[in-house]
Every structure is written in structure tokens, then in C-alpha cells.
Chemist: 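Okay, here's the structure, questions in a sec.
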There are 2 protein chains.
Amino acid sequence: MASDTRSALVAAAAELLDQGGPAAVTLREVGRKAGVSHNAPYKHFKSKEDLLAAIASRELERQSETMNALKPQARPIDALRRLTRGYIRWAQNYPARFRLVFGEWKHDSHELGEAAGKSRAMLVEIVKAAQDAHQLPRGNPERIASLLLALAHGAVDLALAGHLSATGKGAADPDMLADDLYALLKKSSQTDRKYRRK
Amino acid sequence: MASDTRSALVAAAAELLDQGGPAAVTLREVGRKAGVSHNAPYKHFKSKEDLLAAIASRELERQSETMNALKPQARPIDALRRLTRGYIRWAQNYPARFRLVFGEWKHDSHELGEAAGKSRAMLVEIVKAAQDAHQLPRGNPERIASLLLALAHGAVDLALAGHLSATGKGAADPDMLADDLYALLKKSSQTDRKYRRK
DNA sequence: ACCTGAACACCGTTCAAGT
DNA sequence: ACCTGAACACCGTTCAAGT
């Protein structure tokens, strides 16, 4: 199914993407790197966009693998924090892949949506566990997962674009903002507990 | 300073951007729309990227104008909420401009950074006012402004990419997530008040 | 100072042809 | 089924030349 040249093409394209952004991913250069002609990719991908979508899918699958490997953790809230940090690190180390995964997709790529859904489901599970341990406030776990994801995503995207760094006292990097949100959630969950004890 | 053809070129380019994304912004089409030759843009902009940066600057300036026009509001917290909603609406109505403004910039465009800083400063002022009225928790106002901005930005970016819509019960749009964060901040500021009264 | 038309190198995509 | 080489249309950019 996943032929040898196909994955070689994806790997070559990902390398070019990291080095010079989407503009550097030319089918001619991809072919050269993979040792085939400049239009051999058309036997494996419908178009250049389809090749880029394959990179994005690969990235999302790797993310869910990383999430699986990271699961066993004493406190669920610590697993969540670690996950958040991992997400931020990934975006900062591979900004081009990060932007590709969350960029616009005309050919709405069913495969991509499924890979994203899988990661999401795992995230929601950990949120539920943290709620059961009273480390997160009550409420719809999917909603809280979205809140955490949106903040981490927005913080790192702004940071990459240089729109976050107020130099000096107010300076905040993505990790700090994530910590702020976790602190707010913790405070809120403590209020929840007080109610529960009444 | 802002010559007539220059702004005509920017307007034409913005229109093309809205219609078909950055790929649709070809200098030939921009020239045609503005009634000049396909390389007249080079007398006003160093490159295509420079033209795109001009669109981004224009957009940021318009944002700070909108913020100025919106300022007089009874409760500062309401002004903040309105600002958040405006930001989300803008991104949803003009996704291509939104992505352009927060995309990557090689030629790091000093002009762009200044326009962004101006909007930021206004946002921080309103946060301060809300803190003084005990509608937001204490703490560094720049930090809280970053938190609000990061969440709104991340939520709307995820929504545009289709990575937010868990259908069914857990479904959350950007406005709902912003409301969640405001609720957490309100709760936290009430705890602050209790401390203050002791 | 601003604009034009021709030209160059490069890219995505298609096609006829080979194994 | 997979690959190749030539060809086409298009694009960003440059250049010589015009006002």
C-alpha cells in the first residue's frame, strides 16, 4: 500500500518544506531527492497539494503515536501539561509543518480529518481523567479540550509570527500562557470542590 | 507619499487575495485590475512579498482604527468582549487576510511590526481599565492581554482549518471558547476581591 | 519618477511513449 | 503499474527603452 517511492517522495518533500517553506517544495526538486524524474510524483499523488496533504497526514499520525507513548503518567493533569509542552515544542521546531497541518485545504482530505480526530479523542480522554481526579473543573470535557488546544495553538502561532513578544515585563512565551490557563482552571476546579463538600 | 496607483495596486491585490488566496495574487492580474502593465508594481514594491506585506499593514491599520471607534463603552469588560467578537468576525469574514497577517515574513517588515504594536497597546489599556474595575483578575495586564489574544486567535485559526468542530455535544465555536475564558477570568477576579476584603 | 514590452528562468501539469 | 522526456501555459523578475 505505502510503496517505497511514495514514502521516499513524502520524506523528500518534508525535508524541503522544513528547509525553505512550501515554496521550496517543487516537484522537480522532490523528484531529484527521491531519485526519480520530476513528474514521477503524479503516479502517487494527484497533484502537488495532494503531496503536501500526505506530509500533513504523516505528521498527524506521528503526533497520535507520540501521545500514545506518553500516556502512563501519575497525575492526569501532568500528562496534559506534558502534552501541551510537546505540542508547543513541535510547532517551534517544525514551524513549516505546523503551518501546513493547520493551513487551508481545498480538496478537504478525508484522511487528514480522521488523523486529527484520533489525536483529539485521546486528548479528551485525558481531560476526563483529570476531571475525575478533580484536577480540572467540571463541564463538557470536549469543550475543555478545545479550550486548551485553542490556547496552545494560538499562543504558538502568534509567537511564530512575532506578534506575541512584548519585550520587557509583559513578555510571555507560549509555555507561560499555557501555565496561566492551567492556573485558572485549577482555581476554578477548587471552587468546584468546595461546592461538592457543602 | 501614498500615490494613487500604489493604493490601487494594494486594493486590487487584496480583492484577489479574498477571492482565491495568495496563489491568485499574480502581478499580472493585479496590474490588469489596476489598469497598468504587469510589472508596474515593481515601481512601488520591491517584490510580490512586499506587495503582500502592504496588504497586511493596511489590514492592521484598519484594525486599530476600528478599535478606536469602538472605545466608548460603559464597562471595560464589555468593550473587551466586543473587541474579541470583532476579531473573530474579521478572521471568519476574511480568512485569507487573517492568515496573511499572521503568516511568515522573511523580509521582517518593520512597518508591519509597528502597526501590530499600536493595536496591542490599545488592547492592554482596556485590560488595565477592566482590572481597575475589578472585572479581571490582578496581574500583569500585558500578560492577560496576550492570554485573551492567544485564545481568540487559536480558536478562530483552528475553526478555519476545520480542526475545532467536534460535532454534537462538545461542539464549540470560537465565540463560545472566548466566553469560557472570560468566565474563568471573572471567577478568578472574584476570588481576588474576597482576598482584598479580608 | 513612472511606465511599457520583450525576454529569461522556473514551475505545475499533461501527454505520448516506454518497461 | 510505474516511470521518462518533451512540451505547454503561467508566473516572478529583470532589462532596455520610452515619457
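Side chains included, hydrogens not; waters and symmetry mates left out as well; all remaining heavy atoms used. Within every chain, numbering begins at 1; the chains are lettered A, B, ... in the order of the sequence lines, protein sequences first and strands thereafter.
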Chemist: Return the 5'-most residue of the pair A:R32, A:K46 with respect to DNA chain C, ranking by each residue's nearest nucleotide.
Modeler: A:R32
Chemist: Rounding to a whole Å, what distance do you find between A:F45:CZ and D:dC2:P?
Modeler: 12 Å
Chemist: Does any N or O donor sit under 3.5 Å from an N or O acceptor when you compare the side chain of A:N39 with the base of C:dG12?
Modeler: no
Chemist: Between B:E49 and A:A40, name the one whose nearest nucleotide on DNA chain D is closer to the 5' end.
Modeler: A:A40
Chemist: Are OP1 or OP2 of D:dC3 and a side-chain N or O of A:T5 less than 4.0 angstrom apart?
Modeler: yes
Chemist: So with a 6.0 Å cut-off around NZ of B:K118, is the heavy-atom count from everything else above 12?
Modeler: no
Chemist: Between the main-chain N or O of A:L136 and the side-chain N or O of A:Q131, is there a donor-acceptor pair closer than 3.5 Å?
Modeler: no
Chemist: Of the candidate nucleotides C:dT14, D:dT4, D:dG12, which contains the atom at the shortest distance from the side chain of A:Y42?
Modeler: C:dT14
Chemist: If I take atom NZ in residue B:K48 and atom C1' in nucleotide D:dT14, what distance separates them, rounded to the nearest angstrom?
Modeler: 17 Å
Chemist: Do A:R32 and A:R28 have side chains that approach each other closer than 4.5 Å (heavy atoms only, starting at C-beta)?
Modeler: yes
Chemist: Is the shortest side-chain N/O distance from A:H38 to OP1 or OP2 of C:dC10 below 4.0 Å?
Modeler: no
Chemist: Within the structure, does a side-chain N or O atom of B:K43 lie under 4.0 Å from either OP1 or OP2 of C:dC3?
Modeler: no
Chemist: Strictly by Watson-Crick or wobble contacts shorter than 3.5 Å, is anything paired with C:dA6, and which nucleotide is it?
Modeler: D:dT14
Chemist: With a non-hydrogen cut-off below 4.0 angstrom, is B:V30 in contact with a base, only sugar-phosphate, or nothing?
Modeler: nothing
Chemist: Grab the CG-P distance between A:L27 and D:dC3 for me, whole Å please.
Modeler: 14 Å
Chemist: Would you say D:dC3 has OP1 or OP2 under 4.0 Å from some side-chain N or O of A:H44?
Modeler: yes
Chemist: In whole angstrom, what separates A:R28's CZ from D:dA7's P?
Modeler: 14 Å
Chemist: Compare the minimum distances between each of C:dG12, D:dT4, D:dC3 and the side chain of A:S37, then state the nucleotide with the smallest one.
Modeler: D:dT4
Chemist: Mark yes or no for whether A:S189, through its side chain, and A:K186, through its backbone, hold a donor-acceptor pair below 3.5 Å.
Modeler: yes
